[in-house]
Each structure stands twice: as structure tokens, then as C-alpha cells.
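Order of the sequence lines fixes the chain letters, A, B, ..., with proteins taken first and strands second; residue numbering starts at 1 for each chain.
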Amino acid sequence: MQQNHFEIFGLPVGYQVDRQALAKRYRELQQEFHPDRFAAKSDREQMLAMQYAAQINEANNTLKDPVARAAYLLQLRGVERKAEQTTADGAFLMQQMMLRERLEEVREASDPQAELEELGAEAAALFSAQEQAFSDALAANALKDGESALSKLQFLAKLQRQIEELEEDLLD
Amino acid sequence: MALLQISEPGQTPEPHQRKRAVGIDLGTTNSLVATVRSGTAEALPAEDGKAILPSVVRYTDSGIEVGYGARAAAGNDPYNTLVSIKRLMGRGLADIKHFGEQLPYHFAEDTGGMPAIETISGAVNPVQVSAEILKVLAQRGAGSLGGELDGAVITVPAYFDDAQRQATKDAAKLAGLKVLRLLNEPTAAAVAYGLDKTSDGGDVTDKTIAVYDLGGGTFDISILRLSKGVFEVLSTGGDSALGGDDFDRVVAEWIAAEAGLGTDLDAGTQRKLLDAACAAKEALAAEETVAVAYQGWRGSLSRDKLAELLDPLISKTLRACKRALRDAGLSAEDVEEVVLVGGSTRTLRVRDKVEAFFARKPHADIDPDKVVAIGAAIQADVLVGNKSREDLLLLDVIPLSLGIETMGGLTEKLIHRNTTIPVAKAQEFTTFKDGQTAMAIHVVQGERELVADCRSLARFELRGIPPMVAGAAHIRVTYQVDADGLLSVTAMEKSSGVQAEITVKPSYGLEDTDITRMLQDSYANAEEDIAARALREAQVEAERTLEAMLVALQENGAELLSEAELSELEQAMQSLRQAHNEGTADEIRSQVEALNTLSEPFAARRMDSSIKRAMQGHSLDEFDKP
């Protein structure tokens with residue numbers, strides 16, 4: 001049976017996802033299709049259950065993650081992206097460079113923790129704004145704008161990861 | 001042998017007989033077997049009343065000794081008495097060089113990639129040694145439950161990589177056990193504590209749990225979310241070479257330094273020092289200061305001094321906790337329950353540090369040595385089909401990322417760590433040179449960018465790629481990880497319609513033929529007939545297949561099959577029954593295979609029908625809501 005990730009969970013196709021409904025439905029489906037539930041069934045059925053459970057997991061991971069979800073929604077509309085695709089928005093790139101420079105200088109700041117927190121809050125706000133931009137672009141079927149927003153989400157997600165890593169380093 | 005009774009389709013089968021299932025904690029220091037009886041999980045004691053079996057195997061010229069007796073002999077017979085063998089499971093010779101100096105064994109020179117230890121009864125590898133421990137536990141389980149075991153859940157540290165898991169499964173196979181599942185130790189502990197029930201017996205809807213598991217040789221931290229019987233592992237981390245043995249080692253080094261023994265010590269002295277260190281460490285749980293004596297030297301060890309010695313090691317574990325929390329997107333405050341597992345969490349300093357880190361008193365009321373086996377027994381009972389805890393489901397994750405080597409010795413990750421299993425991921429690669437007809441695929445596991453820093457799991461070649469210009473071929477590589485956390489890899493060239501395909505099971509230098517040979521070796525010693533064993537295994541497989549098929553036919557055979565299909569299946573079942581009763585192992589296997597192949601469309605239809613039902617049930621739910 002061919003189902004898209006949203007259909008698996010009975011959720012409407014769109015960028016906004018009800019996280020609680022997703023989590024609840026995910027657990028219900030795994031209760032039914034996890035290989036553990038097929039331990040007494042035939043080998044073929046065990047194999048099919050493993051494949052479907054893997055599909056449920058893949059769908060859940062994609063829909064849970066704001067960046068993967070955006071990429072998947074574009075894919076559903078026929079947009080295949082290359083991994084190293086980047087944005088042509090000069091102002092955005094400039095802003096990213098500034099943020100990265102600040103990240104590199106955090107260690108030298110008088111209060112690195114506070115500086116890092118501020119940076120984290122800024123990155124989070126920028127991320128939310130791009131999520132909104134993506135959601136709007138998708139609703140308007142403006143796929144080029146959607147791709148651009150997705151590239152920016154990827155940039156910002158990477159920045160957020162780097163902030164977290166530095167946070168961990170500072171704590172040690 | 002009693003023949004299996006099989007009822008005709010449509011008739012009620014015999015009432016379900018309770019199956020014999022055990023949970024086994026195959027530990028670095030100690031091992032245990034547990035089972036569920038009358039609704040309660042309990043560790044099974046040996047005849048002497050002790051549930052713990054020290055994971056020590058001694059080879060003598062008259063046989064093999066496992067447990068307390070072997071452990072007592074470790075100091076006097078260090079080369080033939082193998083302790084902490086779990087540390088070597090799934091390890092290559094290169095790893096042994098890495099931490100081999102801490103182990104007082106003579107490693108055999110040429111063993112085809114897997115370390116083997118020279119003993120008085122020949123060279124043995126870690127899989128064989130572990131199998132000896134498992135055999136003792138399996139016998140204990142079978143004796144206690146009154147018959148051959150139907151299956152076992154064996155626990156592994158969450159942080160075990162693919163090779164270590166594979167080695168554990170091979171050891172079980174060698175010991176003649178049917179493995180229902182490899183279960184991560186921390187997950188087992190969370191199950192044992194039954195944290196999924198509120199104090200009045202209701203279902204917990206959402207709770208975050210941290211399991212801190214410090215054993216003899218490994219450290220694991222797992223963060224789980226619990227909701228209505230489903231244990232979902234959010235993240236896991238740890239160190240597969242850090243444990244109580246290291247505590248003993250630092251204390252032993254301190255004693256050696258204080259006593260002026262120098263560093264170049266023989267195996268017997270090392271073993272005795274470690275024993276003295278371990279005793280002092282354990283005594284400090286009750287005393288502020290303990291006297292330590294070694295040969296002529298006398299001194300004392302205080303709790304403060306012990307803390308000073310251990311803190312660097314404990315800090316390492318807390319850093320891993322931080323990382324696991326971050327991977328789960330949580331912080332220490334979000335954790336609502338903390339569970340302590342592993343003998344090394346008896347050390348007070350560990351408890352204090354963990355309590356301070358999570359700002360919460362940890363659970364430690366179930367014996368930390370038994371808690372893992374008990375959780376495994378509960379899971380085994382569910383998996384074998386004894387309907388004790390129908391809502392219990394464990395969703396585990398893969399502990400380390402799985403990747404592939406790309407140009408320049410770099411790792412491209414296909415499956416990231418902490419991804420819920422089972423999981424399958426595919427990625428396309430292409431050729432580098434014009435006319436390239438083969439591609440080398442190197443499967444690695446680990447978090448680092450460079451292949452050289454990751455663990456190499458398997459290499460294989462995809463051949464028969466039609467010659468094309470560079471970059472024109474589309475080679476799809478698929479990684480599939482099953483619910484035991486074991487990986488299989490498939491590669492396929494698909495651009496020109498020509499397909500080449502190969503599947504590998506990554507290994508650690510141990511081939512299926514090696515296992516067969518080791519099995520033969522062990523039967524040669526155990527006076528057991530290989531042919532009889534193979535026949536029995538084939539018969540069990542036939543029984544399982546027939547039973548599954550009967551249940552499936554009863555559930556929806558009439559609905560999903562035409563009369564012709566149904567009668568074909570019934571004929572195949574009849575042939576299998578006949579082979580089961582009269583045939584050889586090979587004949588039975590080929591009938592099992594025939595029935596499986598014939599029932600393939602039926603299995604697919606059943607799955608589709610379950611999926612449709614799940615979807616319908618769901619949409620009805622939605623309509624019911626006001």
C-alpha cells in the first residue's frame with residue numbers, strides 16, 4: 001500500500017502539524033505494527049511488519065522535524081532538491097556570516113553564557129520567521145519561495161546545532 | 001518426541017499452552033537468568049540458591065567451569081580463567097592492542113581477525129566463552145521451567161555497536177538458544193521498575209525517565225519517554241569501555257603505587273591487586289575508612305580518597321548524560337524519574353553525583369544486579385506470546401550512526417544515531433570513472449567525519465555495473481536495521497535496467513561457516529549429535545510455521561483467499577506436516593520454504609488489510625469526536 005507520510009498518521013497534508021496527535025497516532029500504529037507484535041507470525045509477515053514499522057518510523061521522523069518536513073512537502077509537489085543547494089539571498093547570507101562570527105567570538109565574551117543565550121534566542125526567532133515564510137509559500141503554491149525558505153531553515157538549523165555544541169563545551 | 005497436534009482450519013486450536021521464555025542478562029562481571037511465573041518476574045537461582053552467576057569461565061584439562069568456582073581460581077590460574085570477556089565481544093585484534101595490556105591473557109597470534117585467547121584446552125574466542133556462560137543459564141532456565149526453552153531475550157548495553165550485537169547473537173546461537181530479541185539493558189531496567197503504572201494501577205500518560213547504568217565494563221545512559229505501556233527511547237549514549245572494572249583498576253594502581261610495587265606486574269599480582277581494590281571499594285559503602293593490606297604493605301582508604309580517585313571516571317559518565325539529554329532535546333530538569341542499574345551504582349560516590357546531576361533521588365530499590373534480567377524476562381514473556389502485558393511495547397533506537405565511505409575517506413551518514421528502529425534508509429551514489437563496472441562499498445559505524453575514526457563493519461563490492469560515463473550510473477544503497485539493532489545492506493544499480501544486488505550481514509570477522517564449525521566443535525565435546533540437533537531445529541521451525549499459518553487462515557483466510565488458493569495452501573501445509581513427521585532436516589526446510597513462498601501473496605494481503613483497518617479505525621475515531 002502506497003501512503004504518504006501524512007496519510008499514515010491520518011493527518012492533513014500541510015506544514016502545520018499537530019505534534020500531540022502525531023505522537024499519539026505514532027504510538028498507536030507501533031502498538032499494532034511493530035515487529036514485536038508479529039513474533040508468532042510467519043516469516044513473511046514478520047518481514048512485512050518490519051518494513052511497515054520502518055516506514056512508520058521514517059514518516060514520524062520526517063514529520064517531527066521542521067526542516068525534514070518542509071523538504072518532504074516540497075518533494076510531494078515534485079520539487080527534488082540537491083543536498084548542497086544554497087540560497088541566493090545576499091542579505092540573508094550576510095546576516096548568517098555575522099551570526100557565525102559572533103558565535104566564534106563567544107568564548108572571548110565577558111559573559112559567554114549570556115552571549116550564547118542571546119544568540120540562541122535570535123536564531124530561534126529567525127527560524128520561526130522562516131517557518132512562517134515556508135508555510136505561506138506552500139499555501140500560495142509558490143514553490144521557488146518555498147525552496148528559498150527551506151534553504152534558510154537548513155542554515156539556521158545548522159547554526160542552532162553549533163550553538164548547542166558550544167553550550168556543551170562551555171559547560172565542561 | 002511428542003508430535004505436534006494440529007487442528008483443521010476453522011476448528012479451535014488447542015488452548016494456548018504457556019511458553020517457556022527467559023530473560024538473560026549477559027553481564028561483564030555477573031550474569032543472570034530470570035522468568036515470569038504466576039505473573040511475577042524473578043531471577044532463577046542455581047541449586048546452591050544463588051541467582052548470580054559470575055561471568056567467569058575457566059578452562060582446565062578436565063573440562064570447563066563457569067561461575068563462582070572459576071572466579072575463585074582466577075588469582076591462581078589467570079591465563080586459563082577468563083573474566084570480563086564481554087569487553088572483547090565483537091572486537092577486532094586492533095581493539096585488543098588498544099586495551100589489551102589491562103587484560104592478563106595470552107592472545108593467539110593468527111585468528112583471522114577475531115581475538116582468541118590461548119588456554120590449556122586450546123584457543124577460544126569471546127563468542128565461545130560467552131556461549132559457555134549462556135549454556136549454564138539456559139540449562140538453569142530449562143530445568144526450572146520443566147522443559148526446553150521456547151525463546152530468550154538477551155540484554156546488551158545500549159551502546160553496543162553492530163559487531164558487538166552480532167557477536168552476542170552468535171554466542172546465543174552457539175549455546176542453542178532461540179533469541180526472541182536483543183534488548184538494551186537500560187530499557188530492560190525501565191520495564192522492570194514498571195514505571196508505566198501509576199500507584200493506583202492506572203496508565204501513565206507521559207513521563208520522562210533517565211536510566212543510568214554503570215556495570216562492570218560498560219556505561220549506558222538512556223532517556224526514555226513512557227506513555228500508555230509504550231517505552232520510547234529518545235536517546236542513548238555511554239561508553240562501551242568504562243565501568244566498575246576501571247574503578248577497581250584505579251584503586252589497584254593506587255595500592256600498587258602506595259605499596260611501591262612498581263608498574264611491571266605479573267598477571268597473578270594484577271589479579272590479586274584488583275581483588276583487593278574491589279573489596280576495599282565495596283567495604284566503603286558501609287564504612288568511612290577501610291584498612292587495606294597487600295602482602296607486607298598496610299594502609300587505609302577513605303571515602304574522600306576513593307571519591308578523588310573515582311571522580312574523573314564519574315565525570316565522564318555525567319558528560320555522556322548531558323549529551324544524551326541534548327540529543328533528546330531535553331535538559332536535566334525535564335527528567336521525572338531516574339533509575340540506577342548495574343553493580344557499580346552501589347558505590348555511594350556514584351549515587352551522590354547522579355542525584356546531584358538530576359537534582360532528584362534515583363530509584364534503586366530493585367537489586368541493581370537483577371533488574372536488567374527481570375526486565376528482559378517480562379519482555380520475553382510478551383514476545384513468546386504469553387499474554388501477560390499486552391500493552392507493553394518497547395521502541396528502541398540505534399546507538400551509533402551508520403554510514404558509508406565516500407571519496408577521500410569521508411563518512412556519509414545514512415542513518416543517524418538515536419533513530420528509532422526498525423529503520424530503512426536508501427541513498428544514491430554514482431561512479432567516479434568512465435566505464436567503471438564495479439564499486440566498493442564500505443559500511444562504517446560511528447560519529448566521526450573520517451572513516452579512519454569510525455568502526456569498520458563490512459566491505460563488499462557491487463559488480464556488473466554496465467560501462468557508462470562517470471556519474472551516469474545510479475547506485476542505490478539501502479541500509480536496513482531490524483528490531484534487534486542489526487544491520488543489513490543492499491546495493492543495486494538501476495539506471496539501465498540492469499540490476500545487480502548483494503546483501504551483507506556485517507560481521508566482526510566471524511562467518512556463518514565459522515559458527516557452524518564452532519557448533520561442531522562444541523558438539524564433539526558434548527556428545528550431542530549434530531544431525532539430531534539440526535532435525536530438531538527444523539521440526540521446531542516447521543511447528544512454528546504451521547501454527548502461524550493456521551492462525552492466519554483462521555483470522556482471514558476465507559476473506560482474503562480464493563478457494564483454489566486456500567486448497568493449494570492446505571496441500572502445502574499437509575506436505576510440511578508429513579515432512580515434519582517423517583522427513584530429514586533438509587526435507588523439512590525445503591517444505592517450510594515452499595509454504596512460505598506460496599503464502600507470500602496471502603501475507604501481503606493480510607498486511608494491507610491490517611493497514612486499511614488501522615486507517616479506518618482511525619477515521620472513525622475522528623468522526624466520533626464532538
Which is it for A/Y52 and A/E32 under the side chain to side chain donor-acceptor pair (under 3.5 Å) test, yes or no, and what are the steps along the way? CA-CA 11 Å; A/Y52 192 57; A/E32 193 150 354; over 6 Å; no

Under the side chain to side chain donor-acceptor pair (under 3.5 Å) criterion, do B/T490 and B/Q480 qualify, and how do the steps go? CA-CA 8 Å; B/T490 317; B/Q480 178 154 299; over 6 Å; no

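Heavy-atom distances place the backbone of A/E7, and not its side chain, under 4.5 Å from chain B. In this structure, no portion of B/L595 lies under 4.5 Å from any heavy atom of chain A. The parts of B/S610 that come within reach of chain A are both its backbone and its side chain, each placing non-hydrogen atoms under 4.5 angstrom from that chain. Using a 4.5 Å cut-off between heavy atoms, A/D36 touches chain B through backbone and side chain atoms alike. Looking at A/E45, both its backbone and its side chain come within 4.5 Å of chain B, counting heavy atoms on both sides. Residue B/T420 touches chain A through both its backbone and its side chain, counting heavy-atom pairs closer than 4.5 Å. For A/A23, no part sits under 4.5 Å from any heavy atom of chain B, backbone or side chain.
When the candidates A/L29, A/D43, A/N60 are compared by the number of heavy-atom contacts under 4.5 Å with chain B, A/D43 comes out ahead. Comparing B/A604, B/A603, B/A483, B/S599 by how many heavy-atom pairs each has under 4.5 Å with chain A, the most go to B/A603. Annotation: maximal heavy-atom pairing with chain B below 4.5 Å, among A/E165, A/M47, A/R37, A/M50, occurs at A/R37. Counting heavy-atom pairs closer than 4.5 Å to chain A, the top-ranked of the candidates B/R606, B/M549, B/R225, B/K425 is B/R606. Ranked by heavy-atom pairs under 4.5 Å with chain A, the first of B/G151, B/S315, B/A548, B/P422 is B/P422.
One side chain, A/R77 or A/N141, offers a donor N or O that lies under 3.5 Å from an acceptor on the other.
One N or O on the side chain of B/D150 and one on the backbone of B/R20 form a donor-acceptor pair closer than 3.5 Å. The backbone N or O of B/A426 lies less than 3.5 Å from no partner atom in the side chain of B/T478, so there is not a single donor-acceptor pair. Between the side chain of A/Q31 and the main chain of B/D391, a donor-acceptor pair closer than 3.5 Å is present. Side chain of B/R589 to backbone of B/E541: no donor-acceptor contact under 3.5 angstrom is found. A side-chain donor-acceptor contact under 3.5 Å links B/Y479 to the backbone of B/G403.
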